[in-house]
Amino acid sequence: MPMLDSFLVDHIKMPAPALRIAKKVKTPKGDIITVYDVRFAKPNKEIIDEKAMHTLEHLFAGFMRENLPNYEIIDISPMGCRTGFYMSVIGEPKDKEVIKAWRASMQNILDTNTIPEANVYQCGSCYMHSLNGAKKVAKHILDNEITVMDNEKLSLDPENIPNVCDVDKDKIKVLGK
């Protein structure tokens, strides 16, 4: 099985909140698709509460589209590890533009009183939401500097990665709980 790009970055060194260009893809017609790692939580140190994560998924995707209007956002998907989102964009926004839109989206979340599409018709787990938790995560982002990750500094050699997980899960901070 091929090694995915996201597993070739050192998650121990990864800061959060932080933005990273995970990859760029050129389509057959010449368009550039930029895939971002939008890291909310420090891997293996923090994790987003599952209900807060689900609510963020509903809110963040819409607000980012509003706050980054000069680009077509194809998709914003939560990471399975619950530390952030992947965002695919047609074009090549500057890091500063994405960070500005991210911060504005977090403010939008703090200002909202509803969770869109959180009903049995539009959501597969409509019972699993926490607006309060999403607001706590948004405040966490706004209270911290968002940095830009350097892929070279995070690069891993796949031949020298030990297959161990010695994380004390009782010490992981849950964001949005």
Could you grab the distance from atom [atom1] of [X] to atom [atom2] of [Y], nearest 0.5 Å is fine?
X	Y	atom1	atom2	answer
Asp95	Lys100	CG	NZ	15.0 Å
Ser130	Ile115	OG	CD1	7.0 Å
Asp143	Ile141	CG	CD1	9.5 Å
Met64	Leu59	CE	CG	13.5 Å
Asn44	Lys171	CG	NZ	14.0 Å
Leu56	Arg82	CG	CZ	11.5 Å

Just say parallel, tilted or perpendicular for the rings of His54 and His129, cut-offs at 30° and 60°.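 If you compare the ring of His54 with that of His129, the planes turn out parallel.
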Tell me whether the rings of Phe40 and Phe60 are parallel (<30°), tilted (30 to 60°) or perpendicular (>60°).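 Perpendicular, since the angle between the ring planes exceeds 60°.
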For [X] and [Y], work out which heavy atoms get closest and say how close.
X	Y	answer
Ser88	Val35	OG-CG2, 3.8 Å
Lys135	Ile109	CE-O, 3.5 Å
Ile74	Arg65	O-NH2, 3.4 Å
Ile32	Glu92	CG2-CG, 3.6 Å
Ile12	Asp10	N-OD1, 2.9 Å
Ala134	Ala52	N-CB, 3.7 Å

Donor + acceptor pair across side chains of [X], [Y] (<3.5 Å):
X	Y	answer
Tyr71	Glu97	yes
Asn67	Ser105	yes
Asp75	Ser77	yes

Measuring only between side-chain heavy atoms, which start at C-beta, is [X] closer than 4.5 Å to [Y]?
X	Y	result
Ile21	Val148	no
Leu131	Thr112	yes
Cys126	Glu117	no
Asp37	Met149	yes

Give a yes or no on whether [X] and [Y] share a hydrophobic cluster (residues Ile, Leu, Val, Met, Phe, Trp, Tyr; joining criterion: side-chain heavy atoms under 4.5 Å apart).
X	Y	answer
Met106	Ile73	yes
Leu110	Val137	yes
Ile146	Met87	yes
Val98	Val9	no

Is a side-chain N or O of [X] found less than 3.5 angstrom from the main chain of [Y], in a donor-acceptor match?
X	Y	answer
His11	Pro43	no
Arg103	Leu142	yes
Lys136	Lys177	yes
Gln122	Asn119	no
Arg39	Gly84	no
Thr55	Lys51	yes
Lys24	Ile33	no

Which residues end up grouped with Ile172 if you chain together Ile, Leu, Val, Met, Phe, Trp and Tyr wherever their side-chain heavy atoms are less than 4.5 Å apart?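 Grouped by the 4.5 Å side-chain rule, Ile47, Val167, Val174 form the rest of the cluster around Ile172.
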Applying side chain to side chain contact (heavy atoms under 4.5 Å, CB included), can you list everything that pairs with Glu66, at least two apart in sequence or on another chain?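 Result, side chain to side chain contact (heavy atoms under 4.5 Å, CB included) vs Glu66: Phe63.
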Identify, with sequence neighbours excluded, every residue that meets side chain to side chain contact (heavy atoms under 4.5 Å, CB included) alongside His140.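 His140 satisfies side chain to side chain contact (heavy atoms under 4.5 Å, CB included) with Glu46, Asn144, Leu175 only.
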Under the criterion side-chain contact (heavy atoms from CB on, under 4.5 Å), I'd like the reasoning laid out for Glu72 against Val89: C-alpha separation, chi angles, the key distance, then a yes or no. CA-CA 6 Å; Glu72 182 71 26; Val89 180; over 6 Å; no
For this output row, return yes or no: ring centroids of Tyr86 and Tyr36 closer than 6.0 angstrom.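 Judged by ring-centre distance (under 6.0 Å), Tyr86 and Tyr36 do not meet the cut-off.
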